[in-house]
Every structure is written in structure tokens, then in C-alpha cells.
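Worksheet: one structure, shown below.
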Amino acid sequence: MGSADSKLNFRKAVIQLTTKTQPVEATDDAFWDQFWADTATSVQDVFALVPAAEIRAVREESPSNLATLCYKAVEKLVQGAESGCHTEKERQIVLNCSRLLTRILPYIFEDPDWRGFFWSTVPGAGRGGDTAEDIHSIDSCEYIWEAGVGFAHSPQPNYIHDLNRTELLKLLLTCFSEAMYLPPSSDSSNTNPWVQFFCSTENRHALPLFTSLLNVVCAYDPVGYGIPYNHLLFSDYREPLVEEAAQVLIVTLDYDSSTRSSPTVDGTTTGTAMDDVDPPGPDNLFVNYLSRIHREEDFQFILKGVARLLSNPLVQTYLPNSAKKIQFHQELLVLFWKLCDFNKKFLFFVLKSSDVLDILVPILYFLNDARADQSRVGLMHIGVFILLLLSGERNFGVRLNKPYSVRVPMDIPVFTGTHADLLIIVFHKIITSGHQRLQPLFDCLLTIIVNVSPYLKSLSMVAANKLLHLLEAFSTTWFLFSAVQNHHLVFFLLEVFNNIIQYQFDGNSNLVYAVIRKRNVFHQLANLPTDSQSIQKGLQRKKKSPEPISRTNSQDGASMEGSRPAAPAEPGTLKTSLVATPGIDKLTEKSQVSEDGTMRSLEPESLQPLPEGNLPSAASDGEPWSGEVSHPQRDRRRLSSASSSGQWSPTPDWVMSWKSKLPLQTIMRLLQVLVPQVEKICIDKGLTDESEILKFLQHGTLVGLLPVPHPILIRKYQANSGTAMWFRTYMWGVIYLRNVDPPIWYDTDVKLFEIQRV
């Protein structure tokens, strides 16, 4: 009964507040205490008993009362922090105040006139007395929440502490969410004042807080002791805390690294920069601390923790639903991205061993699973961005040669091979059976394959056929002539074949055999018609076959056991819009690999003209491609070349400009040498069996017969403000959609993105 009474009293107080037209004095404690002195209001109660319409009404009609309510609630939090909350009543007051503020803050942020409210000075407010000297003198580093980076002692689990921390982190996250109420802007000086203050020297607990958040996330093991169904028998108080910690952590690390002046460890070193002489890092202490982690055991702890959590949704058990599955993999991917972006030594550590594959496999699983779901376009982008970042390092390509034996259930063809095969097969699946809005990612997917191709020792027949199928699809005349940038995809694929033939011919008889079987595709490319009539004829075919890529002759075969097909989103699923991301030329910079394995950056002008340089002038400025449906108007502007109407159309000169640069010499030479030999064997021995031909190709050699190997070109990811803005909108979109109980931001006037229904 007491609980119902306290809710009633709380509701009465809210009604009084909304109906009072006169300002209530801040000194009227009897009135204000009604909002937090009661003990039985959960966060769900507060959201139910304080309706949005009433908060807005107070904001508009009696703003001074809303201001006093916030001020008094903050005052109670300050008192609690000063006194240390020794009694249960004090603890309850702090929780009630933080719940109330979590409810009210979004409505303060949505009104621009209120934005400076929390940064204004409060009349007559000092910094509190010096009575609680003991609180100020404690060393908070002794109270880090979990063992891990920089802290060896694991405190006794205390579920009350976990619940309280979760509530306070929710309030912090709500404070930081002011960013959601500002439209996207590429101005990197637009820093979040809350994050800036929290991560500055003003916060003397910054280090223990950073360490606590990082350790709580990386030490979490959702499966625990592995007892089946244990998550149904016991409440896990740690999981909500871990989710909240992960969200607070990625928001505090929202920092545009493309503008920072402090140099990072050069990509060619193996991370031997001395820590003592590191340049002063950014003002954001969390980014600073993250970039300075350097002990191998700390890296191991972080990597193992992130890999364990990312792999959790993939865990197969024989008892359905017997193992707990976490839902915060998107936040983990953003965290992993930040770790690699801000701490190059961590990136090199990840690539030093096969542990990187424990990150790769879950990412490929998520990409494959989300490919048909329009509400998960953001997840597709971040997965691809991480793989693009990793693929810029030679070690990643080398690690992919490890045999793939873990059988994660994915709806891809069964194959026997390496992690490289898995990557190619999943990418093929995304391109051939993902939804339309993934087309802008094709450049990125193929760039990743190009980057790793010089190091792939032996592709399986399944993966080799997939690559040839992509080339076949992308080199049809209607596809090449129907958009100004489509021929790039052919250039990327030819570069893959050239890299493998020139640098890894010996182990790749499957790919060589597939190239020989599909040799007509290369001959058709070499003889691509360039006259106006043929171009028009090529475009006519488009009308007959609107699907961009046929699924026929891609020989899919049976999918893996236990897998389920990638499903589109349920109609009505909420999603948040994303800003456009930069084109691949802005997203990457080209580096040349020298013979000793070091990389040097290439200035764009010193490059041999690659396909990127041959665009009509309007497109070469790297108009951003977005994860959104294309906008015909913008596309028309961007694609205009010769025609006066503004509608781009292919011309013979345009086709000639890139056709003459198709890198076909190596493949044509290979076909010229091997095709007659293979045909001769087939006739002489009456062979019809593939395995005999493969055996012959395995022992063949092209030494001295191929053109001089070209230098290896790697397109490395480079930080830029465009991707920084994309990450900000994506991250806040994930946080908005994931916080539904209570629905902190639902139905408020968010400006950073649009909320849409699939």
C-alpha cells in the first residue's frame, strides 16, 4: 500500500508544479522535497508520472519553476557527493533526483533558449562547505570498479552498487545527449560541453572513471560459469551496467582525430615509440588515456574481452536459448574502432597474432546477417570501416591465410579453406543479395579485397568462382555504361587478379583455373565497344534486366548447417538516418609497399593515373556517397559531363578514357601461355576431370613469362571529418534506439538524425 501512496504523492507534486502559475521559492523545502523524499518511485514510475506534455508546459508557462526544480535536484546530488550518502534515505534521494533529471533534461535540450541553463551561475551558490574533507581527500583510484587495465584488484561483486552505477551512468549519458539536439555539422570545433567538462582536468576522478568503464566492459563474461539457462534463473545486474558503461565510453571518446595535431606512431614502425616522449595528447583526458595504454597484458585483456563479447551472439549450443546473448555489439564495434584509431600500438598488437581473426569472424557474421535488413545499414558500414582500417596493414592479409575451421552458422555456401575465403564469400553474398542501399559500400568491399590480395596464398575454388562471378556481373556493358563510377569496380577486381597472379601464383591454381574457364570475360573487356551505337545498345539491355547482379551461375550450393537466411527488417522497425560518408578516394590514401615491406605514402599527383583520375570533372571532387537511397537530383548534378540537360550520359571519349587503362596485360599474357597448354593436355590425355588440370596448373610456372611485377598499392584508411560526423550520428542513433526502458529520448525533438520506420 505504501508504494501506491508514494506514487500518488509524487503525482500530486507534479500536478501542483504544472498548475502553479506563480514561482515557488527555492527555500520552500516542504514543496520541493515531495519530488525526492519518497522512497518508492522507480525510474519507470518517474517516466510514467511525469508526462512529456507537462514538462513542456512548465518549460513554456512557468520556466522559473522548472529552473528551480533542476537546481534543487542538482543541489541534492551535490550534498550527496559531499556527505558520502551514509544513510539509506540519502542514497534514495540521490537516486530519485537522478531519475527525475534523466526524465527532464531532454526537454531542456530540445529548446535552444534553455541550452546555456546548466552553464549559468546559480545566485548565492558556493562550492559547498569544507565539512566533508574526508570525501575530498580519498584517492578514488583505490575504488576502480573492476580489475583490468592499470588495476589488479577485483572488488567483491555488489549488485546494489551495480544498480546504482547504472542509474548514474544513465543520467550522465542523458547530460551528454545534448549533441542529439544539434543538427549534423562538419565543424569539428563543435565540441560537446558536457563531454569536454567530464573529460577535462576539472574532473579529478577522470582516470579512475575511464579505467572503471573500460574494465567493466572488457572483463564482462555473459556466459559466466556456462551453466545452461543460468540467465533465466538469476538476474544479471552486471549486463545493464556494462551496456551503459559501453555507451558512456564511446560518447566520451567522440573526438575528431583528423584535426589532432599530435603525431601518432608511424604506420611503418612496429609501435616502438617511447612512452616518455609521447607528445602531449588531446585535451580530452579519456582519448589521452586511451592513446597511452601500452602494456602488452593490457592490450591482451582489452582484445580478449572485446572478442569474447563480439563472439557471444554467434555461440551455438545444442540446447536452444540456453546461453545468454548480448545485444550491445554495435557499441562494441564503435569502441573497437576508437581503440584502433586512437592507439596505433593497439592496432599493431591486434594484427601481431591470429587473435585478429576472433574480431574478423563476428564482424563477417554481423555483415552477412544484416545484409537484407534496411534498419541495419549503419551496422554494415561500421563493420566494413573496421575491415578497411585493418586491411591497410600487411599483417592482416597474412593472418587471413589461417585455415577456417570454426563453423559459425551462416547462410553461405559450404567451403573448405581459409579466413580469406570466408571474407570473399561473405562479401560476394553482400553484393549479390544485399539490399539496394548497400551499393555505395561496393567500392569499400572491393578495396579491402585489393588490399589483402597480394598476401593470399591459396584461394579455394568456391572463393575463386565468386570473384569471377563479380567480374562477370560488373563488366556487362549496361552496368559499365549506366553510371559514371561503375567501371571502378572492374579496375579493383582486375587489380586483385593481378596481385594474386604476380605475387602468389604458386598456391593459387584454383583461381588460375577459374580465370582460364571464364577467359571470355577478359576478352570481352579488352574488346569493349566504344562507339555511340554500341553504348546505346548496351544501355538498352538494362531495361530488360533491372537486377544489378544476377544470382544465376554463381553456384551457391547448399548453405551451412544450422544457418538461417538473412531476413529483411520487420515492417515498422524504427531506424535512424545517417549522414553521407566520404567517397573511397577521400576515405583512403594510397601507399606503395617497398621491397623491404615498408610503406610510403604516395602523393596523388605522382601516381600512375588509376581509374579514380579519369572521372568527368564534376565527379572527381569526391562527392560523398551515402548509405541512403540515391537522390536523382544530386546524382544528376554530380554526374553531368557533356550533355546540356544536366543528365549524365556515357560518351565514346569517356569510355575510351578508362578502357585504355584497363590493367589486362598480366592476365592476357597468362591466358596466352596457359590456355594452349591446358587445351593440349585435355586433347592428348582425353581429360575431362578438373582435378587433373588443377594438378598440371599447380606444377606450372610463369617465371620470366609475365610482365615485370607492378609495385603493391595499398589504400589505407585516413581519418577525416566526414567519417567523424558519420560516427557521431551512427553512435547516437544506436544509443537512442537501444534505450527503450525507460525511453529517455523518445518523442523529443532530436535534430542530429531523423527517426524513420522501415
Side-chain angles (χ1 to χ4, degrees), residues 106 109-110 112 173-174 176-188 190 192 247 250-251 254 256 327-331 333-334 337 366-367 369-386 430 434-444 567-584 586-587 622-638 720-740 743-758:
F109 293 152
E110 71 177 8
L173 195 60
T174 310
F176 296 160
S177 72
E178 185 177 322
M180 280 198 215
Y181 298 90
L182 299 169
S185 116
S186 54
D187 179 12
S188 53
N190 208 347
N192 183 328
Q247 292 178 359
I250 60 177
V251 170
D254 177 20
D256 184 354
Q327 301 297 320
F328 55 98
H329 48 274
Q330 298 193 85
E331 293 93 319
L333 289 172
V334 175
W337 170 271
F366 294 131
L367 290 178
D369 189 53
R371 68 177 194 270
D373 182 343
Q374 294 226 8
S375 70
R376 292 198 280 169
V377 173
L379 171 61
M380 297 293 295
H381 275 73
I382 187 162
V384 172
F385 283 162
I386 290 173
I430 294 168
H435 56 80
Q436 287 287 308
R437 289 180 56 204
L438 297 180
Q439 280 202 16
L441 278 178
F442 291 1
D443 275 354
C444 256
E570 291 286 318
T573 305
L574 286 180
K575 66 188 179 77
T576 54
S577 62
L578 292 164
V579 293
T581 52
I584 194 75
K586 290 269 167 61
L587 207 54
E623 174 79 16
W625 43 259
S626 79
E628 306 298 307
V629 181
S630 66
H631 302 279
Q633 278 309 110
R634 190 177 67 197
D635 287 356
R636 242 174 254 155
R637 275 205 310 278
R638 146 186 172 188
N720 60 77
S721 50
T723 34
M725 194 61 231
W726 184 89
F727 270 99
R728 184 170 306 150
T729 49
Y730 169 61
M731 168 184 80
W732 279 115
V734 169
I735 291 170
Y736 177 99
L737 293 173
R738 300 259 297 106
N739 282 276
V740 288
I744 300 178
W745 300 281
Y746 186 70
D747 246 359
T748 59
D749 188 13
V750 170
K751 297 274 196 318
L752 186 62
F753 44 76
E754 289 170 26
I755 293 93
Q756 304 159 337
R757 285 190 188 275
V758 173

Measure the shortest side-chain to side-chain distance between [X] and [Y] over non-hydrogen atoms and say whether it is less than 4.5 angstrom.
X: I382; Y: V334; answer: yes
X: L587; Y: F385; answer: yes
X: E754; Y: T576; answer: no
X: I755; Y: Y746; answer: no
X: W337; Y: L333; answer: no
X: R376; Y: D369; answer: yes
X: F328; Y: Q247; answer: no
X: T748; Y: Y181; answer: yes

Counting only N and O atoms by type, is there a donor-acceptor contact under 3.5 Å from the side chain of [X] to the main-chain atoms of [Y]?
X: R728; Y: P184; result: no
X: E110; Y: D749; result: yes
X: N739; Y: W745; result: no

- Item | Euclidean distance, H435 NE2 relative to R371 CZ, rounded to 0.5 Å |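 So the CZ of R371 and the NE2 of H435 are separated by 10.5 Å.
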- Give, for atom NZ of K586 and atom OG1 of T723, the distance between the pair rounded to the nearest 0.5 Å.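 The OG1 atom of T723 is 12.0 Å from NZ of K586, to the nearest 0.5 Å.
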Closest non-hydrogen atom pair, [X] against [Y]:
X: A567; Y: D373; answer: O-CB, 3.7 Å
X: L438; Y: G434; answer: CD1-CA, 4.1 Å
X: L173; Y: W732; answer: O-CH2, 3.9 Å
X: L367; Y: I430; answer: CB-CD1, 3.9 Å
X: Q436; Y: P440; answer: O-CD, 4.5 Å
X: C444; Y: V384; answer: CB-CG1, 3.6 Å

- Distance flag, aromatic centroids of F366 and H329, threshold under 6.0 Å: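 That pair passes the under 6.0 Å test.
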- Taking it one step at a time, do V251 and E331 satisfy side-chain contact (heavy atoms from CB on, under 4.5 Å)? CA-CA 10 Å; V251 170; E331 293 93 319; over 6 Å; no
- Message: Would Q327 and R738 count as a side-chain hydrogen bond (donor to acceptor under 3.5 Å, both in side chains) here? Give the steps.
- Response: CA-CA 9 Å; Q327 301 297 320; R738 300 259 297 106; 5.9 Å; no
- What class does the angle between the rings of Y736 and F753 fall in, given that below 30° is parallel, 30 to 60° is tilted and above 60° is perpendicular?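 Perpendicular, since the angle between the ring planes exceeds 60°.
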- Task: Go through W726 and L578 one step at a time and tell me if the side-chain contact (heavy atoms from CB on, under 4.5 Å) criterion holds.
- Result: CA-CA 7 Å; W726 184 89; L578 292 164; 3.9 Å; yes
